[in-house]
Structures are given as C-alpha cells and as structure tokens.
2 protein chains.
Amino acid sequence: MSLHQKILGEVEAHILSGDWPPGYRIPFEHELTEQYGCSRMTVNKALSELVKRGLIERRRKSGSYVTFPQVQSAVMEIHDVKLEVESLGLDYAYYRDARSVRRINAGDGGRIDLPTASRLIDITCRHFAGGRPFCFEERLISLSAVPEAEGEAFDAVAPGSWLLGKVPWSTAEHRIRAVAATRPAAQALDIAVGSPCLVIERRTWSGGAPVTSVRLTYPGDRHELVAEFQPSAIV
Amino acid sequence: MSLHQKILGEVEAHILSGDWPPGYRIPFEHELTEQYGCSRMTVNKALSELVKRGLIERRRKSGSYVTFPQVQSAVMEIHDVKLEVESLGLDYAYYRDARSVRRINAGDGGRIDLPTASRLIDITCRHFAGGRPFCFEERLISLSAVPEAEGEAFDAVAPGSWLLGKVPWSTAEHRIRAVAATRPAAQALDIAVGSPCLVIERRTWSGGAPVTSVRLTYPGDRHELVAEFQPSAIV
DNA sequence: AAGTGGTCTAGACCACCGA
DNA sequence: CGGTGGTCTAGACCACTTA
C-alpha cells in the first residue's frame with residue numbers, strides 16, 4: 001500500500017469514527033508532512049482525494065475542515081423525510097399515529113430479518129409538507145440493535161431523524177415499487193384508494209445486524225426520486 | 001483552469017468523441033509531457049483521474065488504453081432491460097412499435113435538452129418477459145450525438161442495448177415516479193388504464209452533451225427496483 | 001533487458017483570504 | 001501581511017510486464 005493511500009485511510013478513519021467530527025480542523029499539510037515524514041505532494045494527494053469524496057473541505061489560509069454530513073447526496077442515500085421536505089422550501093410537520101412494542105411475528109414476514117420472538121418497535125406516522133400529507137411511514141426497529149429506542153415515544157421527532165443521528169449504518173437496501181394505495185395508506189394520505197403511490201422500502205444494517213425496516217408511501221403525483229450517476233462512482 | 005485539468009479534458013474529449021475508440025493506446029506520459037511542455041507529475045495527475053473515472057486503464061511497460069464501455073454495475077446503473085429480464089430467468093422478447101426521425105418540438109419539453117430544431121430519433125417499443133409485456137419504452141436519441149443511429153431500424157435490437165455498446169456515457173440521471181397508466185402505456189402493457197405503474201426516466205449525457213432520454217413504464221405489480229448502498233460508496 | 005507507469009522528493013511560485 | 005492550500009517542476013528510484 002502506498003503512503004498517500006495510508007494517509008488517506010487514516011484521516012478517513014478519524015472522520016468516519018467520529019473522532020474528528022464535522023467542523024473539526026484537521027492537521028495542516030505541513031503538520032501531516034512532519035508526522036508521516038514525507039513531502040507535501042504526498043499529503044496533498046491524499047487530502048485532495050478526500051475533497052473529491054466530500055469528506056473534507058479546504059480553505060486557504062485557514063485550513064482543512066471535516067464537512068457536515070451530506071444531506072441528500074447525489075444518489076439515493078439514507079434520506080430523512082424532514083430534510084427532504086425542507087429542501088423543497090415547504091413547511092414540515094410530523095404526526096405519530098401508532099406505536100407499540102411487541103415481538104416479531106409471521107405478519108412481519110421478510111420485512112426485517114430477526115430471530116423468532118425478537119422484540120421490536122412498530123410505528124406508523126405521517127409527514128406533512130406545506131400542510132398536505134406527504135408521506136406515510138410504517139417502521140419496525142429492532143430493539144436488540146437499538147435498545148434506547150424503547151424509551152423514545154417518537155411523538156415529537158420522527159424515528160428516521162432520530163435513528164439517523166443515533167445509529168451508524170453500514171448497508172442499506174432500497175426496494176422501489178409502484179402500488180395502488182391500500183386503505184390505511186389512502187386514509188393517511190387523504191387520497192383515493194387505488195391511486196398510484198410510490199413505495200420505498202428501506203432496510204438498514206449495522207455491522208451485519210438488521211437495525212430498521214421502513215416502508216415509505218408517497219402519493220405518486222407528489223413525489224419523484226432523483227438519482228444521478230457517474231460511471232466511476234460505482235464501487 | 002489548471003494544466004492538469006486541461007490535459008484531462010482534452011484526453012477525455014478524444015475518448016468521448018470516439019476519436020480514440022475503446023482499445024486505443026493513448027500517448028505515453030513522456031509524449032504528453034512534450035506536447036504540453038510540462039512535467040510528468042502533471043500529466044500523471046490527469047491520467048490517474050481518468051483511471052478513477054474508468055475511461056482508461058494503464059499497463060506498465062505497455063501504455064495506457066481506452067477502456068471498453070462498462071455494461072452493468074452494482075447499483076441502478078444504466079440498465080439494459082434485456083439483461084434485466086434474462087437475469088430473472090425469463091425468456092426475453094422485443095418488439096419495436098414506432099420509429100421516426102424528426103426535429104425536436106415543444107411536445108418534447110424538457111425530456112431532452114437540445115437546441116431548437118435539433119434532429120432526433122423517436123422510438124417506442126416494448127420488452128416482454130416470459131411472454132408477458134414487461135416494459136414500455138419511449139425513447140429519444142440525439143442525432144447530433146449519435147449520427148450512426150439514423151441508419152439503424154431498431155427492429156431486432158433494442159435501442160438501449162445498441163446504445164450501451166456504442167456510446168460511452170459520462171453522466172446519467174434517473175427520475176422515478178409512480179403514475180397511473182396512460183392510455184398508450186396501458187394498451188402496450190395490456191393492463192387497465194389508471195393502474196399503478198413505475199416510471200423511470202433516464203437522461204444520459206456524454207461529455208456534457210445530451211445523448212438519449214428514455215421513459216420506461218413498468219406495471220407496478222411486476223417490477224421492483226433494488227438498490228444497495230454503503231455509506232462510503234458515495235462520491 | 002528495456003521501457004512503462006507508480007510513487008515520491010525537495011523545492012518553487014502563486015492566489016487567496018483571514019487575522 | 002502572513003500562512004494556507006493549489007499547482008507545478010525536474011529530477012529520482014522502483015516494480016512490473018512484456019516485447
């Protein structure tokens with residue numbers, strides 16, 4: 001492994017571990033130069049790559065700083081409905097409909113892959129944009145992965161936003177479908193039963209263990225997913 | 001603009017224009033060094049970036065070569081409906097419904113961003129899986145970007161498959177929505193007007209110029225998009 | 001064996017911008 | 001004004017690979 005890769009990896013590790021939080025000023029080039037006993041070009045190569053990856057930003061005379069988490073990056077990252085609504089310039093509101101703690105059962109079939117009789121939280125809630133229903137959310141959270149969730153009522157902050165700041169995730173899988181609105185979804189979203197809806201099911205893991213599974217139902221005429229790719233962006 | 005960016009841009013232009021086709025050996029570093037009157041590091045910086053973008057690959061002692069277009073990647077890359085169907089283990093069939101060469105008009109509003117009166121090909125076709133309609137495709141292809149398309153009837157090979165092996169792409173944008181089936185789509189897919197459909201609109205650019213725009217309509221109950229992400233994979 | 005790319009050095013000049 | 005990052009140079013050594 002080359003030296004600039006080593007430097008890149010170590011700085012990246014500091015950032016991803018939270019050791020160097022957003023806004024933190026990382027060491028100057030000349031400091032890293034001393035620390036690694038190499039020339040400035042080598043350090044510069046590593047830091048330039050981190051800029052391309054969006055992990056740091058650099059300001060002349062001032063230094064290099066860890067960037068604040070990408071809100072909704074180019075692809076279809078973990079996205080927080082609240083941020084999504086606010087980025088549209090609309091008022092956001094949240095309402096929790098139901099919350100229960102229970103054991104997993106056959107009705108959850110496949111939604112979340114946990115051992116029999118695992119305990120989980122089952123939540124349904126709604127997100128509003130500009131006063132209109134924007135998204136209907138049905139979520140399961142594994143209590144073995146996130147024990148603190150049991151103490152949360154989720155009546156002020158949405159479970160998605162709460163989890164985002166709480167649990168680091170390592171993998172997410174999205175399934176995206178078009179469906180006819182079911183009765184509960186139609187009621188929640190104030191649309192006709194059977195009208196087209198975009199459904200996004202996201203399952204998230206952290207270190208191999210399932211964390212949460214969420215089904216987001218959007219009225220088809222009010223939502224659109226946008227994803228931009230570059231060939232090299234694929235790992 | 002810095003010199004390494006200039007070199008990068010010019011080499012990229014040669015590749016994207018087809019001037020330097022896949023397999024072509026681009027000039028050696030020392031040749032570019034002479035041509036641009038700069039040091040090897042500067043040339044190297046440009047070429048290393050092209051490796052990251054997947055446009056070239058480099059072999060010691062041999063030289064640097066334009067790569068062959070990537071076919072399909074992990075996420076929701078440019079995807080070929082034919083490969084998609086075959087990966088499901090179903091028989092694939094293709095039928096071209098209509099094809100015309102015309103000038104862009106107001107009705108194309110926003111689907112493809114070309115100058116007034118640009119010439120393009122307008123195609124509608126269908127993909128079948130296991131004998132059943134699987135996808136309805138409406139596509140525009142810019143003739144200024146892909147002049148060879150004018151000689152293609154697209155009655156045996158789908159335009160998507162044809163383009164994939166022909167034109168390198170640099171950026172793609174997806175828009176994903178749920179809609180009620182329009183009359184033409186419903187007829188093509190043999191479903192009821194108004195039933196939910198998943199619509200994927202993909203626009204593709206090559207070196208900043210629009211290449212093609214396609215709208216794929218899938219019956220909502222027969223299709224699902226799956227995408228898997230890892231946090232670090234984001235650029 | 002020879003020529004390529006991979007990496008690194010120890011400087012340099014410059015633009016920018018915050019103190 | 002001074003310190004930072006952005007860029008570039010003219011070398012160097014090495015690993016690899018293939019001609």
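To find a chain, count down the sequence lines: A is the first, B the second, and so on, and within it residues start at 1. For the numbers below, each heavy atom of this structure counts, side chains included, while hydrogens, waters and symmetry mates do not.
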*Asks:* So A:Ser64, base contact, sugar-phosphate only, or nothing? Heavy-atom distance under 4.0 Å.
*Replies:* sugar-phosphate
*Asks:* State which residues pass salt bridge (charged side-chain N to carboxylate O under 4.0 Å, His left out) with B:Arg119; sequence neighbours excluded, sorted by chain then number.
*Replies:* B:Glu150
*Asks:* Return each pair, listed once, that meets salt bridge (charged side-chain N to carboxylate O under 4.0 Å, His left out) where at least one residue sits in residues 136-149 of chain B; pairs must be two or more places apart or across chains.
*Replies:* B:Glu137-B:Arg139, B:Glu138-B:Arg215
*Asks:* Has A:Thr42 got a side-chain N or O lying under 4.0 Å from the OP1 or OP2 atom of C:dT9?
*Replies:* yes
*Asks:* Between C:dG5 atom P and B:Leu50 atom CG, what is the distance in whole Å?
*Replies:* 13 Å
*Asks:* Assign each of A:Gly37 and B:Ser48 to its nearest nucleotide of DNA chain C by heavy atoms, then name whichever residue's nucleotide is nearer the 5' end.
*Replies:* B:Ser48
*Asks:* Between C1' on C:dC8 and NZ on A:Lys6, what's the gap in Å once rounded to a whole number?
*Replies:* 15 Å
*Asks:* Checking B:Arg203 now: which residues fulfil salt bridge (charged side-chain N to carboxylate O under 4.0 Å, His left out) with it, not counting sequence neighbours?
*Replies:* B:Glu173
*Asks:* Across the strands shown, which category fits A:Leu3 at heavy-atom distances under 4.0 angstrom: base, sugar-phosphate, nothing?
*Replies:* sugar-phosphate
*Asks:* Between A:Arg58 and A:Glu49, is there a salt bridge with N-O shorter than 4.0 Å?
*Replies:* no
*Asks:* Below 4.0 angstrom, N of the basic side chain to O of the carboxylate: do B:Arg102 and B:Asp122 qualify?
*Replies:* yes
*Asks:* Whole angstrom is fine here: how far is it from CD1 in B:Ile56 over to C1' in C:dT4?
*Replies:* 13 Å
*Asks:* B:His4 NE2 to D:dT9 P: how many Å, rounded?
*Replies:* 12 Å
*Asks:* Find the distance A:Arg58:CZ to D:dG3:P and express it as a whole number of Å.
*Replies:* 18 Å
*Asks:* Any side-chain N or O of B:Ser2 under 4.0 Å from OP1/OP2 of D:dG6?
*Replies:* no
*Asks:* Please state how far atom CG in B:Leu47 lies from atom P in C:dT7, giving the value in whole angstrom units.
*Replies:* 13 Å
*Asks:* How close do A:Ile26 and A:Leu47 get, counting heavy atoms only, and between which atoms?
*Replies:* CD1-CD2, 4.0 Å
*Asks:* Please answer whether the main-chain N or O of A:Leu140 pairs with a side-chain N or O of A:Thr212 as donor and acceptor at a distance below 3.5 Å.
*Replies:* yes
*Asks:* Can you list the residues that meet the salt bridge (charged side-chain N to carboxylate O under 4.0 Å, His left out) rule with A:Glu10, with sequence neighbours excluded?
*Replies:* none
*Asks:* A:Gln5 has an atom CD; how far is it from atom P of C:dG6, in whole Å?
*Replies:* 12 Å
*Asks:* Between protein and nucleotides 10-19 of chain D, map the contacts as a letter string: B base, S sugar-phosphate only, - none, heavy atoms under 4.0 Å, written 5' to 3'.
*Replies:* B-B--BBBBS
*Asks:* Whole Å only: how far is the CG atom of B:Asn44 from the C1' atom of D:dT9?
*Replies:* 14 Å
*Asks:* Check DNA chain C against residues 25-34 of chain B and give the residues with a non-hydrogen atom under 4.0 Å, in numerical order.
*Replies:* B:Phe28, B:Glu29, B:His30
*Asks:* Between B:Glu201 and B:Arg111, does any side-chain N to carboxylate O distance fall below 4.0 Å?
*Replies:* no
